[in-house]
Amino acid sequence: MNFIFLGPPGAGKGTHAKLLSQKHGIPQISTGDMLRENIKRATDLGKQAQVYIDQGELVPDDLVIQMVEERLAQPDCQKGYILDGFPRTVTQAEALSKFARIDKVIDLVADTSVILGNLSGRRVCGNCGATYHTRRLNGATTCAACGGKLIHRVDDQPETILHRLEVYHKKTEPLIEYYKKADLIMDVVVESTIDHDFMLIEKALGL
Ligand code: AMP
């Protein structure tokens, strides 16, 4: 099964896509993680992407589309995948429809207060990319999984968060209508514990 997780930054796409990936053994394809990995390795793509990411802008469609098309052609994607953070524009969705068949789209619906709380307290491991929240870290500054240093992403700073939300409303929200027309979308309101919200997602996906 091929799924898309849609929703504003900070709604929990990455958290839930990861849980689903671990539980059902299908890869989580996070374009944000892939781009950050390219930045870390200082590839041409990473160098081009960094300036957009740091400013809370979207990376140009052609760069991201090519990256995803290549990734989905890998053997581990043949039995299914979860797209986390892609598509983010109608142009990306149209391109995707030419090289992928999507079975269901989950739209994570979250209150702005939840989103702002999730993003401003988010810390990520600079080494392995694991995600944490200050409300559960008890002051820890290193990753429980690998010992790497926890960082506050440049694009999780307050001014950039607000800009990312504007970009989401303008460029990504139209995808809700796009996938509604294709009769693929299911709304899931995320407002409870991770376990409870995850149960709702699995139910929406018929898993
Ligand atoms: P994320 O980790 O999904 O929040 O993505 C972090 C940043 O990576 C976004 O704010 C964008 O700058 C960039 N990015 C991730 N996915 C895409 C995409 N599908 N299209 C364009 N830019 C993207």
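Computed from a prediction, not measured in an experiment: that's the story for all the values here.
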Sub-4.5 Å side-chain heavy-atom contact between [X] and [Y]:
X: Val109; Y: Val188; answer: no
X: Leu63; Y: Leu45; answer: yes
X: Glu57; Y: His163; answer: yes
X: Tyr178; Y: Glu94; answer: yes
X: Phe3; Y: Asp84; answer: no
X: Ile29; Y: Met34; answer: yes
X: Thr160; Y: Gln55; answer: no
X: Glu69; Y: Met67; answer: no

Problem - Test salt bridge (Lys or Arg N to Asp or Glu O under 4.0 Å) applied to Asp33 - qualifying residues, sequence neighbours left out - result: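 Scan of Asp33 (salt bridge (Lys or Arg N to Asp or Glu O under 4.0 Å), adjacent residues dropped) gives Arg36.
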
Problem - With Arg164 via salt bridge (Lys or Arg N to Asp or Glu O under 4.0 Å) - residues at least two apart - result: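 Result, salt bridge (Lys or Arg N to Asp or Glu O under 4.0 Å) vs Arg164: Asp155, Asp156.
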
Drop me the distance from [X]'s [atom1] to [Y]'s [atom2], to the nearest 0.5 angstrom.
X: Glu70; Y: Ile65; atom1: CD; atom2: CD1; result: 12.5 Å
X: Gln48; Y: Ile39; atom1: CD; atom2: CD1; result: 11.5 Å
X: Thr91; Y: Asp61; atom1: OG1; atom2: CG; result: 5.0 Å
X: His133; Y: Ser120; atom1: NE2; atom2: OG; result: 5.5 Å
X: Leu205; Y: Leu20; atom1: CG; atom2: CG; result: 6.0 Å
X: Ile4; Y: Leu83; atom1: CD1; atom2: CG; result: 5.5 Å

Look at the side chain of [X] and the backbone N and O of [Y], then say whether any donor-acceptor pair between them is shorter than 3.5 Å.
X: Tyr132; Y: Ala144; result: yes
X: Thr142; Y: Gly147; result: no
X: Gln78; Y: Leu72; result: yes

Problem - Verdict with reasoning, Lys181 to Asp183, per salt bridge (charged side-chain N to carboxylate O under 4.0 Å, His left out) - result: CA-CA 5 Å; Lys181 281 194 192 130; Asp183 203 17; over 6 Å; no

Kindly write out the residues that satisfy side-chain contact (heavy atoms from CB on, under 4.5 Å) with [X], not counting sequence neighbours, or none if the list is empty.
X: Ser21; answer: Gln28, Ile82
X: Asn118; answer: Val114, Arg135
X: Glu191; answer: Val189
X: Pro174; answer: Val90

Practice task
Please lay out, stage by stage, how Arg122 and Arg153 fare under the test side chain to side chain contact (heavy atoms under 4.5 Å, CB included).
Solution key: CA-CA 8 Å; Arg122 178 160 70 182; Arg153 273 169 49 178; 3.3 Å; yes

I need the minimum non-hydrogen distance between [X] and [Y], along with the two atoms involved.
X: Gly126; Y: Lys40; answer: O-NZ, 3.7 Å
X: Pro87; Y: Leu96; answer: CD-CD2, 4.0 Å
X: Arg101; Y: Asn2; answer: O-ND2, 2.8 Å
X: Cys143; Y: Cys128; answer: SG-SG, 3.8 Å
X: Val190; Y: Ala110; answer: CG2-CB, 3.7 Å
X: Tyr168; Y: Pro9; answer: CB-CD, 3.9 Å

Is the number of heavy atoms from other residues, nucleotides or ligands under 6.0 Å of [X] [atom1] greater than 12?
X: Lys104; atom1: NZ; answer: yes
X: Lys149; atom1: NZ; answer: no
X: Gln66; atom1: CD; answer: no

Exercise for the section: Go through the steps to decide whether Glu37 and Arg41 satisfy the test salt bridge (charged side-chain N to carboxylate O under 4.0 Å, His left out), and finish with yes or no. Expected result: CA-CA 6 Å; Glu37 184 57 33; Arg41 290 192 282 117; 3.6 Å; yes

According to a hydrophobic-cluster definition based on side-chain heavy atoms being under 4.5 Å apart (Ile, Leu, Val, Met, Phe, Trp, Tyr only), do [X] and [Y] belong together?
X: Ile194; Y: Leu137; value: no
X: Leu184; Y: Phe86; value: yes
X: Val59; Y: Val51; value: yes
X: Leu200; Y: Val105; value: no
X: Leu19; Y: Met186; value: yes

Of all pairs that satisfy side chain to side chain donor-acceptor pair (under 3.5 Å), the ones with a partner from [range], not counting sequence neighbours:
range: residues 6-17; value: none
range: residues 194-207; value: Lys23-Glu202, His24-Glu202
range: residues 105-114; value: none

Practice task
With side chain to side chain contact (heavy atoms under 4.5 Å, CB included) as the test, would you mind laying out the steps for Ile106 and Ile185 before giving the verdict?
Solution key: CA-CA 6 Å; Ile106 293 291; Ile185 206 153; over 6 Å; no

Problem - Set of residues satisfying side-chain hydrogen bond (donor to acceptor under 3.5 Å, both in side chains) with respect to Asp187, sequence neighbours excluded - result: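 Partners of Asp187 by the side-chain hydrogen bond (donor to acceptor under 3.5 Å, both in side chains) criterion come out as none, since no residue qualifies.
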
Problem - Residues clustering with Ile151 (ILVMFWY side chains joined when closer than 4.5 Å, directly or via others) - result: Val124

Handout entry: Side-chain hydrophobic cluster, 4.5 Å single linkage: members besides Ile115
Key =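 Members alongside Ile115: Leu116, Leu119, Ile161, Leu162, Leu165.
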
Exercise for the section: Could you walk me through whether Thr89 and Thr172 pass side chain to side chain contact (heavy atoms under 4.5 Å, CB included), step by step? Expected result: CA-CA 5 Å; Thr89 64; Thr172 307; 5.7 Å; no

Handout entry: Lys171/Arg88 under side chain to side chain contact (heavy atoms under 4.5 Å, CB included): CA gap, chis, key distance, verdict
Key = CA-CA 7 Å; Lys171 300 198 169 155; Arg88 260 178 157 100; over 6 Å; no

